[in-house]
*Asks:* 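The structure is given below, and queries will be raised subsequently.
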Amino acid sequence: MKRTSKIFLALLLCLVFTFTLVACIASSDVKEEETAVKVDQEIVGEDEKQEEEPTTRIFTDSLGREVEVPANIEHIAITGPMAQIPVFALSPDKLVGVANPWYDGAEEYIDEKYLNLPELGQLYGGKGEMNLETLLSTDAQVVIDVGEAKDGAVEDLNNLQEQTGIPFVHVGATLSTMGDAFVMLGDLLGEEEKAADYAEYFDKVYKETVELAEKVDKKKALYITGQEGHNVIAQSSFHAEIMDMLTDNIAVVDQPSSRGTGNEVDMEQILAWNPDYIIFSPDSIYDTVGQDPDWQNITAIKEGNYYEVPQGPYNWMASPPSAQRILGLLWLSHTLYPEEAGFDLQEEVTKSYDMLFHSQLTDQQFENLVK
């Protein structure tokens, strides 16, 4: 009887252990299934989130136009050199083309990989119209216009946008608002942090130039262009912003030209103005005026107070009147008012070349530019 009880107890224990093991296995399977379901739900949730992320967004440009642009812009076209300079500064590897060929000698400052980009032409001004066929052959996701808003710009950009299927945006920029322009471009191109640094530096240089201009006795001056020396950048024109800020720009005409070549005048008018200082544009008659008898009666020439604007890869003062004009602010301040300027010109120019052209300026290059 005792043996039977022992056998029964052993069987009962085996049965209990078996049920417990089965229950544990079943519980484990349920947990694994729940975990798998949870993981699947998370993956599906992530996929849904990715699908829900917008591929486009609405960008309001400086003309008040609401333009649908890609949320992530990787390929940029530009309407002219005014846009090319700040866009190249912020996102050189996103450019799909240049407005015009680079100036002679640009290879000294611009990386070789950017020198042979397709030529897109220029929407406003310049020697040729924008080449829409070339534009459409690129993978441009947006076309950027920068600078002074031209008459009819809203209609022009809307028509081009409809014609090409590519969004066109305008970013307003003057000498005083170039910092704001960088901020707007940074927002458009996803370069907010970099653009903020640029804006801070540009605003600083502009503010300090304004302060200098307010405390100096401004020089009576002309900015002369052209191989004959008979064109002037007239007071209140777009290209005269630096001259108007830092000098008594005596080139007063009835209808200031908005072109980089300025207004044509004759030698008699230049003699009548008789400037104390003359700023000559690159490729003008700077090299020969010192020996030209027609110029000997002008105070600036007699006293040796005439200078040629540095150029490389762009004219520092204007033409185009874009972001590189920060160099003109620095150079003209230091040239005309060296004691009041109070900064190291080479240090500031070197910093600007790094920001604008991604170029590490050497001592010799700096000397060549400002000689």
*Asks:* Can you tell me how far the CG atom of Asp156 sits from the CG atom of Leu160, to the nearest 0.5 Å?
*Replies:* 6.5 Å

*Asks:* May I ask you to decide if the ring planes of Trp102 and Phe88 are parallel, tilted or perpendicular, using 30° and 60° as cut-offs?
*Replies:* perpendicular

*Asks:* Just checking Asp151: does its CG atom have more than 12 heavy atoms from other residues, nucleotides or ligands closer to it than 6.0 angstrom?
*Replies:*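 Result for CG/Asp151: open.
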
*Asks:* Identify the two heavy atoms, one from Gly186 and one from Leu90, that lie closest to each other, and give their separation to 0.1 Å.
*Replies:*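 Taking Gly186 first and Leu90 second, the nearest heavy atoms are N-CD1, 4.0 Å.
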
*Asks:* What I'd like to find out is whether the side chain of Lys194 reaches to under 4.5 Å of the side chain of Phe182, using heavy atoms alone.
*Replies:*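 Side chain of Lys194 against side chain of Phe182, heavy atoms only: no contact under 4.5 Å found.
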
*Asks:* Does Tyr206 belong to the same Ile/Leu/Val/Met/Phe/Trp/Tyr cluster as Val183, with side-chain heavy atoms less than 4.5 Å apart forming each link?
*Replies:*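 Each belongs to a different hydrophobic cluster.
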
*Asks:* Give me the atom names and distance for the closest heavy-atom approach of Gly229 to Trp295.
*Replies:* O-CH2, 3.6 Å

*Asks:* Do Ser284 and Gln227 come within less than 4.5 Å of each other through their side chains, counting heavy atoms only?
*Replies:*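 No, every pair of side-chain atoms sits at 4.5 Å or beyond.
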
*Asks:* Is there a donor-acceptor contact under 3.5 Å linking the side chains of Asn159 and Gln163?
*Replies:* no

*Asks:* Got Thr225 and Val232 here, is their nearest side-chain heavy-atom distance under 4.5 Å?
*Replies:* no

*Asks:* Is any side-chain heavy atom of Ile326 less than 4.5 Å from a side-chain heavy atom of Met178?
*Replies:*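 Ile326 does not reach Met178 side chain to side chain.
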
*Asks:* Looking only at heavy atoms, which two atoms of Ala221 and Met243 are closest? And how far apart?
*Replies:* CB-CE, 4.0 Å

*Asks:* Ignoring hydrogens and geometry, is there a side-chain-to-backbone donor-acceptor pair from Thr288 to Ile285 under 3.5 Å?
*Replies:* yes

*Asks:* Out of curiosity, His334 NE2 to Leu336 CG, how far, rounded to the nearest 0.5 Å?
*Replies:* 11.5 Å

*Asks:* Look up atom CG in Asp203 and atom CD in Glu208, then write down how far apart they are to the nearest 0.5 Å.
*Replies:* 11.0 Å

*Asks:* Under a 4.0 Å N-O cut-off, is there an ion pair linking Arg57 with Asp187?
*Replies:* yes

*Asks:* Tyr124 and Glu129: side-chain donor and acceptor closer than 3.5 Å?
*Replies:*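 The answer is no; no qualifying pair exists.
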
*Asks:* Less than 4.5 Å apart, any side-chain heavy atom of Asp248 and any of Asp276?
*Replies:*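 SC-SC contact between Asp248 and Asp276 ruled out.
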
*Asks:* Can you list the residues that meet the side-chain hydrogen bond (donor to acceptor under 3.5 Å, both in side chains) rule with Asn274, with sequence neighbours excluded?
*Replies:* Thr299

*Asks:* Thr174: which residues meet the side-chain hydrogen bond (donor to acceptor under 3.5 Å, both in side chains) condition with it, sequence neighbours left out?
*Replies:*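 Thr174 satisfies side-chain hydrogen bond (donor to acceptor under 3.5 Å, both in side chains) with Ser176, Thr177 once adjacent residues are dropped.
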
*Asks:* Side chains of Val67 and Ile58: does their closest heavy-atom pair fall under 4.5 Å?
*Replies:*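 The answer is no; the side chains never approach within 4.5 Å.
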
*Asks:* ring-ring contact (aromatic ring centres under 6.0 Å, His included), that's the test. Do Tyr277 and Tyr306 meet it? Break it down for me.
*Replies:* CA-CA 6 Å; Tyr277 287 76; Tyr306 60 100; over 10 Å; no

*Asks:* Indicate yes or no: at least one non-hydrogen side-chain atom of Tyr201 is less than 4.5 angstrom from one of Asp197.
*Replies:* no

*Asks:* Which atom names give the shortest non-hydrogen contact between Leu95 and Leu117, and what distance separates them?
*Replies:*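 The answer is O-CD2, 4.1 Å.
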
*Asks:* Would Asp145 and Lys150 pass as an ion pair if we require N to O under 4.0 Å?
*Replies:*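 Salt bridge between Asp145 and Lys150, a charged N being under 4.0 Å from a carboxylate O: no.
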
*Asks:* Distance alone, cut at 3.5 Å: any donor-acceptor contact between the side chains of Gln346 and Asp363?
*Replies:*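 Present: a donor and an acceptor within the cut-off.
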
*Asks:* Can you tell whether the side chains of Lys207 and Glu211 come within less than 4.0 Å, N to carboxylate O?
*Replies:*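 Between Glu211 and Lys207 there is a salt bridge, with a charged N closer than 4.0 Å to a carboxylate O.
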
*Asks:* I need the minimum non-hydrogen distance between Met82 and Ala173, along with the two atoms involved.
*Replies:* CE-O, 4.5 Å

*Asks:* For Glu228, look at atom CD and say whether over 12 heavy atoms of other residues, nucleotides or ligands are found less than 6.0 Å away.
*Replies:* no

*Asks:* Just by distance, no angles: are the side chains of Gln360 and Asp354 close enough, under 3.5 Å, to form a donor-acceptor pair?
*Replies:* yes

*Asks:* Parallel, tilted or perpendicular, judged at 30° and 60°: which one describes the rings of Phe202 and Tyr198?
*Replies:*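 Aromatic pair Phe202/Tyr198 classed parallel.
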
*Asks:* Please report the interatomic distance CD1(Ile233) to CE(Met317), rounded to the nearest 0.5 Å.
*Replies:* 9.0 Å

*Asks:* Side chains of Tyr223 and Phe280: closer than 4.5 Å at any heavy-atom pair?
*Replies:* no

*Asks:* How many angstroms lie between atom CH2 of Trp273 and atom CG of Leu222, to the nearest 0.5 angstrom?
*Replies:*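 Rounded to the nearest 0.5 Å, the CH2-CG separation comes to 6.0 Å.
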
*Asks:* Return the OG to CG distance between Ser91 and Leu189, rounded to the nearest 0.5 Å.
*Replies:*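 It comes to 4.5 Å.
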
*Asks:* State whether Arg325 and Glu241 are salt-bridged, where the test is any N-O pair (Lys NZ or Arg NE/NH1/NH2 against Asp/Glu carboxylate O) under 4.0 Å.
*Replies:*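 Yes, this pair counts.
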
